[in-house]
Asks: 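Starting off with a structure, shown below.
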There are 2 protein chains.
Amino acid sequence: MSVNPEVVREVSEFNNYYNSLAELLNRHLADNNLSLSALRVLVKLRDEEDQCTAGKLIANLGIDGGYLSRILKTFETNQLISKRKSTMDGRTWYLQLTPKGRKLLEILEEGSAQQVSQLLEPLGSEQQLALAGAMKTVRHILSDDAKISADDITFRRDLQPGDAGFIMHMHGSLYAKEAGYNLEYETHICKTFYEFLEAYNSSKDQVFLAMHGNQIIGSIAVLGHSRYATQMRWFLVHPDYRGLGIGQRLLTEAVNAAKEKLFQKIYLITTAQQVAATTLFKKNGFRKSGEKHMPMWGLQLTEERYEIDLI
Amino acid sequence: MSVNPEVVREVSEFNNYYNSLAELLNRHLADNNLSLSALRVLVKLRDEEDQCTAGKLIANLGIDGGYLSRILKTFETNQLISKRKSTMDGRTWYLQLTPKGRKLLEILEEGSAQQVSQLLEPLGSEQQLALAGAMKTVRHILSDDAKISADDITFRRDLQPGDAGFIMHMHGSLYAKEAGYNLEYETHICKTFYEFLEAYNSSKDQVFLAMHGNQIIGSIAVLGHSRYATQMRWFLVHPDYRGLGIGQRLLTEAVNAAKEKLFQKIYLITTAQQVAATTLFKKNGFRKSGEKHMPMWGLQLTEERYEIDLI
DNA sequence: AAATCTGTTTGACAAAAGCAATTAAAAAAC
DNA sequence: GTTTTTTAATTGCTTTTGTCAAACAGATTT
């Protein structure tokens, strides 16, 4: 992939900036007679669940073997780690933190938290959240293992000001990017939202939002159009958050809501191009009840109707 | 301000993560026999436009005086900096980079850019942009001087899929937060967008967006409602970006567009509560042509109409 | 003019980190 | 089945980085 020079500049400047900041944030290490490298070793030893060896640390942390050896030795004399000889290979030792080592790490993290708190103290609560979000984004993009887990996702069932616009934004931009839909599609979504908002009634309508922090990353809704049938709409999960089961969770919530509100059936309109979605619908008991080829949103699409009986 | 423990955790983890990353990004320094501190001194000397002294560096970079003295000495013997005795104070020296020093800094930054490029290489272009945006946000929140400048803002006059939704989102959430409007307001915005999108015609309608990276942070539009008059709508600048003249710039662009399209007058509807906006309108030649007290969007508001003749 | 203060330098030293040689066990080659 | 080579870890030696306290010299105050 080609590299955007503007991005390179920003990353370099950020690095420069963060180097100064790190100085401040890592100051508490000195109080515990630990070097940054030593800390990293300690952390790695805790996080590495299967047996860790010196070689692994060298490879993972990129630190000199001799230096590491000395660090480990002092750890051992201070009873922060224990070594166990490998039965496979007489040269290697399995390393693990002792309770005392864990304890120290906790203390260190407490100290770190205090430094951080001091840094955050002058910031407003929104700014704090924005900061955490941005940092999470950075980590998420750069590291493979800082993957967002389903635990980070929360769900919300009230519609707050700004939500409708954001869902519309997600639909407009994502379908344009992923499926090539034109502006007419967003116009259509806009219309559906206008109709919905004008007649919003929580006894028959229900919106569900999947959130990451204060950011909407998935949506679904059931809209009671008659006494018997409810229409499912705005089913979407942001591509960065797919594969975490969020779609299934939203769908389940929506179906349950429809049942609770005593609707007899749910129907929805989608296109055959939405393979992931239609697969999920079928898996959840929906059946195709109609299809129609037609020019839509700048493309030639197959509109499909699905429905499910709830009783 | 109280500190959010979740945020503290994320910042700590981020710091932890970045410590490892910094190792990688700063590796090129060793090739030039420079310590991180030495680099910071060099950068500071370049960026500090007025004469820099050792004391200033100590205060700004938080580095030990003795250590700094030595760093500066080696810089001097390597002809990277030159010293000039102060006429005010015989103890202090004014320090500045020599051309050779500047040159070295450039080489270093080139090296840094290469490291960064390597890091960015596996990322997609959107991810790169998202990364830069997030880093900018972090710096922006944490440092006072990394303020966003007007230079970082670009303007766009085409309406892409997703834009309408995002503008609606901004209106809905910001007016709710800042003015206490309820969901009816977003419904209203949704209606205006639906009407607009259905009949969008670039010969009479024009949207302007202020962008920070790929994020919309301000908007305005003129919508030709008759042959003579055009309505101005969706005038908003995100609070984080106010005071940079973005509002004025948007307004000017909108008025110019209306003139170009040969409209004879512009009118707009706002509320008396929007003091910043109405002040700007008046400053730009708009005059109030009507007002009406009425319950709107959950509040008792004064709706105002402004207009300006273009010929 | 003496005392104090301030900006910078120097000396002594400790901690952090890197490099090369060494040891011992494992794997590969003969 | 022994020898050679490779690999994991350690040890000795060195450089670099950074800290602390004392010294110095010019400025400021008393």
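In what follows, every chain begins at residue 1, and chains take the letters A, B, ... in the order their sequences are listed.
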Asks: Find the distance B:Ile63:CD1 to C:dT9:P and express it as a whole number of Å.
Replies: 12 Å
Asks: Residues in salt bridge (Lys or Arg N to Asp or Glu O under 4.0 Å) with A:Lys177, at least two apart?
Replies: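 A:Lys177 satisfies salt bridge (Lys or Arg N to Asp or Glu O under 4.0 Å) with B:Glu126 once adjacent residues are dropped.
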Asks: Can you pull out the residues from residues 75-89 of chain A that lie within a 4.0 Å heavy-atom distance of DNA chain D?
Replies: A:Lys83
Asks: List in chain and number order the residues that pass ring-ring contact (aromatic ring centres under 6.0 Å, His included) with A:Phe14, two or more places apart in sequence or in another chain; answer none if no residue qualifies.
Replies: A:Tyr18, B:Tyr18
Asks: Check the distance between C:dC19's C1' and A:Leu68's CG and give it to me in whole angstrom.
Replies: 15 Å
Asks: Would you kindly check whether a donor in the side chain of A:Arg91 faces an acceptor in the base of D:dT7, or vice versa, at under 3.5 angstrom?
Replies: yes
Asks: NA contact type, A:Ser69, heavy-atom cut-off 4.0 Å: base, sugar-phosphate, or nothing?
Replies: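 The answer is base, as A:Ser69 lies within the cut-off (heavy atoms under 4.0 Å) of a base atom.
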Asks: Among residues at least two apart in sequence or on other chains, which ones pass side-chain contact (heavy atoms from CB on, under 4.5 Å) with B:Gln114?
Replies: B:Glu110
Asks: Partners of B:Lys73 by salt bridge (Lys or Arg N to Asp or Glu O under 4.0 Å), sequence neighbours excluded?
Replies: none
Asks: Among all residues two or more places apart in sequence or in another chain, which pass the salt bridge (Lys or Arg N to Asp or Glu O under 4.0 Å) test with A:Arg46?
Replies: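 Only A:Glu109 meet the salt bridge (Lys or Arg N to Asp or Glu O under 4.0 Å) criterion with A:Arg46.
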Asks: I want to check one thing: is the phosphate of D:dA8, taken as OP1 and OP2, less than 4.0 Å away from some side-chain N or O of A:Lys56?
Replies: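 So the side chain of A:Lys56 is outside the cut-off, no N or O lying under 4.0 Å from OP1 or OP2 of D:dA8.
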Asks: Calculate the interatomic distance between A:Tyr94 atom OH and D:dA9 atom C1'; express it in whole Å.
Replies: 14 Å
Asks: What residues form a salt bridge (Lys or Arg N to Asp or Glu O under 4.0 Å) with A:Glu10, not counting sequence neighbours?
Replies: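 Partners of A:Glu10 under the salt bridge (Lys or Arg N to Asp or Glu O under 4.0 Å) test: B:Arg139.
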Asks: Across the strands shown, which category fits B:Gly65 at heavy-atom distances under 4.0 angstrom: base, sugar-phosphate, nothing?
Replies: base
Asks: Tell me, please, which residues at least two apart from B:Asp89 pass side-chain contact (heavy atoms from CB on, under 4.5 Å).
Replies: B:Ser86, B:Arg91, B:Thr92
Asks: Output all residues satisfying side-chain contact (heavy atoms from CB on, under 4.5 Å) with A:Thr279, sequence neighbours left out; order by chain, then residue number.
Replies: A:Val275
Asks: So, using side-chain contact (heavy atoms from CB on, under 4.5 Å) as the criterion, who are the partners of B:Ala38 when residues are at least two apart?
Replies: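 Partners of B:Ala38 under the side-chain contact (heavy atoms from CB on, under 4.5 Å) test: B:Leu34, B:Ser35, B:Ile71, B:Phe75.
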Asks: Do other residues, nucleotides or ligands put more than 12 heavy atoms under 6.0 Å from the NZ atom of A:Lys100?
Replies: yes
Asks: 5'-most contact on DNA chain D: A:Gly66 or A:Thr92, nearest heavy atom basis?
Replies: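 Looking at DNA chain D, the more 5' nearest nucleotide goes with A:Thr92.
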Asks: Quick one, B:Tyr17 with A:Leu142, criterion side chain to side chain contact (heavy atoms under 4.5 Å, CB included). Give me CA distance, side-chain angles, the key distance, then yes/no.
Replies: CA-CA 10 Å; B:Tyr17 169 72; A:Leu142 290 180; 3.0 Å; yes
Asks: Please give me every residue in residues 15-24 of chain A whose heavy atoms get under 4.0 Å of an atom in DNA chain D, ordered by residue number.
Replies: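 Of all residues in residues 15-24 of chain A, none places a heavy atom under 4.0 Å from DNA chain D.
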Asks: Write out a two-atom table: protein N or O, nucleotide N or O from nucleotides 13-17 of chain C, distance below 3.5 Å.
Replies:
from   : atom 1 : to      : atom 2 : distance (Å)
C:dA17 : OP2    : A:Ser35 : OG     : 3.4
C:dA17 : OP2    : A:Ser37 : OG     : 3.2
C:dA17 : OP2    : A:Tyr67 : OH     : 2.0

